[in-house]
Number of protein chains: 2
Amino acid sequence: MNKEIEKLLFNPIRLKTISFLMTVETCTFKALLDVTASSKGNLSIQIKKLNEAGLVKIEKYFQKSYPTTDYSITEKGKTSFEDFFNQLQSLKNE
Amino acid sequence: MNKEIEKLLFNPIRLKTISFLMTVETCTFKALLDVTASSKGNLSIQIKKLNEAGLVKIEKYFQKSYPTTDYSITEKGKTSFEDFFNQLQSLKNE
DNA sequence: TAAACTAGTTTATTTTATAAACCAAATTAA
DNA sequence: TTAATTTGGTTTATAAAATAAACTAGTTTA
């Protein structure tokens, strides 16, 4: 895992987001708001960073003329999360 | 564990510092520099924050007229580290 | 006695996190 | 039917944090 991604996941909101996305197919913005206990603005930015790094997929579409967004984790997101946790684990058992 | 301490440990340099201090009685600034791969200025500030939060003890004394500093973890530091890890663990297994 | 090393601290700057304000469409309520 | 509320966000302004660079001070080595 590269340093950029480690740094990215070393943030509660982003880690909780990725962690939650590991457990679901897709989810709504609202679900992530609940999970992270973040403000909307902050969450929006943190999701965008995860998306720009290729860890999270954002799909916008219209559900009977109403705009909806689905958030999901990418393959890169999955392996990054696993790697991050393994690295943390090594800090625990020295 | 309170939110302040969780936030404090959600930083690579500080977590690595605490993690390393769990494994030794005391250590030098140099040792922490190596462990964290940080710059001196940054490390100095991060240690100070850990100290102000009561997780790390800083002892300055003279070793034959030469000023020396010993860094060590406090009881609060130990439990905070354990608690932090347990909380992280719960993110992994949902 | 000048250069280099150890052991840091202080300061200035960049980056990041956060909250607040804003926007637009849809729904509900009067 | 129009005003208030809710959903689902984004943008922007500000506060906090991270970082590097510069500085300090004493020691050892050449």
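Here is how names work: the chains are called A, B, and so on, in the same order as the sequence lines, proteins then strands, and each is numbered from 1. Quick caveat, the model's predicted, so the values are computed rather than measured.
Using a 4.0 Å cut-off between charged side-chain N and carboxylate O, Glu82(A) and Lys92(B) make a salt bridge.
Of the side-chain N and O atoms in Asn11(B), none sit less than 4.0 angstrom from OP1 or OP2 of dA17(D). Look at Lys60(B) and you won't find any side-chain N or O under 4.0 angstrom from OP1 or OP2 of dA7(C). The phosphate of dA7(C) (OP1 or OP2) has no side-chain N or O of Thr69(B) nearer than 4.0 angstrom. Using a 4.0 Å cut-off, some side-chain N or O of Tyr71(B) falls inside it from OP1 or OP2 of dG8(C). Remark: Lys40(B) is not in phosphate contact with dC5(C), judged by side-chain N or O atoms under 4.0 Å from OP1 or OP2. OP1 or OP2 of dT16(C) has at least one side-chain nitrogen or oxygen of Lys7(A) nearer than 4.0 Å.
The distance between atom CD1 of Ile47(B) and atom P of dA17(D), rounded to the nearest whole Å, is 18 Å. Going from atom CD1 of Ile13(B) over to atom C1' of dA17(D) covers 11 Å, rounded to whole Å. The distance from atom CG of Leu15(A) to atom C1' of dT16(C) is 17 Å, rounded to the nearest whole Å. For the pair Ile45(A) CD1 and dA16(D) P, the interatomic distance rounds to 17 Å; values are reported in whole Å. Spacing between atom CG of Leu43(B) and atom P of dA21(D) amounts to 16 Å, rounded to whole angstrom units. Summarising the geometry, the separation between CD1 on Ile58(A) and C1' on dG8(D) is reported as 13 Å, rounded to the nearest angstrom. In this structure, the CG atom of Asn42(B) is 16 Å from the P atom of dG8(C), given to the nearest Å. The nearest whole Å value for the distance from the CD atom in Glu4(A) to the P atom in dT19(D) is 11 Å.
Closest non-hydrogen pair, Gly54(B) versus Thr74(B), comes out as O-OG1, 2.6 Å.
Enclosure of atom CD in Glu52(B) by more than 12 non-hydrogen atoms of other residues, nucleotides or ligands within 6.0 angstrom is indicated.
Remark: the Asn42(A) side chain and the Gln46(A) side chain contain an N/O donor-acceptor pair separated by less than 3.5 Å.
Nearest nucleotide to the side chain of Lys49(A), out of dT10(C), dA18(D), dA17(C): dA17(C). For Arg14(B), the side-chain atoms get nearest to dA18(D) when compared with the rest of dA18(D), dT19(D), dG9(D).
A perpendicular orientation is assigned to the rings of Phe10(B) and Phe84(B), their planes being inclined by more than 60° (bins at 30° and 60°).
In this structure a side-chain-to-backbone donor-acceptor pair under 3.5 Å is missing from Thr36(B) to Lys16(B).
Of the residues in residues 28-39 of chain B, those lying under 4.0 Å from DNA chain D by heavy-atom distance are Ser39(B).
A side chain to side chain contact (heavy atoms under 4.5 Å, CB included) with Leu21(A) holds for exactly one of Leu55(A), Val56(A), Thr26(A), Ile47(A); it is Val56(A).
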